[in-house]
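Heads up, the thing below is written out as structure tokens.
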Amino acid sequence: MTDVHASLRIYGDDVDPLDVAKALGLPADYSHRRGEPRLVRNPRTMEVRAGAEHRNGMWIMSSERWIASERLGDHVRWILQQLRGREAALARLVSEGAAADVLCYSFSPAATPQEISETLLRSASDLGLSIDIDHYDSRE
């Protein structure tokens, strides 16, 4: 089984996910503000436990629900396509102190993750984005 997706992450001490959504005109698939408690519900007991507060703000847009492909490049390409026409807004968020990157998840029966093409790496770099891959070998 292969499971892959990519996420655009914008985060930082002073990042407010509402400001990111307004600036980019894109919805988050996950977000939190600095200081929000980490609330977790136990599925068996339904008890809610509060963990430590989030130390920074975060806005994440993921390809996971939107792209049905086992090719990691398709997920990264979709993220970059979503940013077309929004390059200046992304640059402004970063210039105001936010960090931004593309984080990929890869779970497959291989020792190494799929490669990202030079074209996609260059396109991400042109936007000031690094691409990192968390890969897990499903054979282990």
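These numbers were taken from a predicted model, which means no experiment stands behind them. Reckoned from all heavy atoms, side chains included, excluding hydrogens, waters and symmetry mates.
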Please tell me if the side chains of Leu121 and Ile131 come closer than 4.5 Å, counting only heavy atoms from C-beta onward. yes
Using a distance-only test with no angle check, is there a side-chain donor-acceptor pair under 3.5 angstrom linking Asp74 and Ser69? yes
Please tell me if the side chains of Arg33 and Asp16 come closer than 4.5 Å, counting only heavy atoms from C-beta onward. yes
Could you give all pairs that pass the ring-ring contact (aromatic ring centres under 6.0 Å, His included) test and reach residues 112-140, with sequence neighbours left out? Tyr105-Tyr136
Heavy-atom side-chain proximity of Trp78 to Met61 below 4.5 angstrom: yes
Residues in salt bridge (Lys or Arg N to Asp or Glu O under 4.0 Å) with Arg86, at least two apart? none
Could you check whether any side-chain heavy atom of Ile67 comes within less than 4.5 Å of a side-chain heavy atom of His5, counting everything from C-beta outward? no
Mark yes or no for whether Glu96, through its side chain, and Val94, through its backbone, hold a donor-acceptor pair below 3.5 Å. no
I'd like to check Ser108 versus Val4 (side-chain heavy atoms, cut-off strictly below 4.5 Å). Are they in contact? no
Are Ile60 and Tyr11 close enough that some pair of their side-chain heavy atoms sits under 4.5 Å apart? no
Look only at the side chain of Ser123 and the backbone of Thr119, and say whether a donor-acceptor pair between them is shorter than 3.5 Å. yes
Given side chains that start at C-beta, do those of Leu26 and Gln82 come closer than 4.5 Å, heavy atoms only? yes
Donor-acceptor contact below 3.5 Å, side chain Arg49 vs main chain Val40: no
For atom CD of Glu115, decide whether the heavy atoms of other residues, nucleotides or ligands shown that lie under 6.0 angstrom number more than 12. no
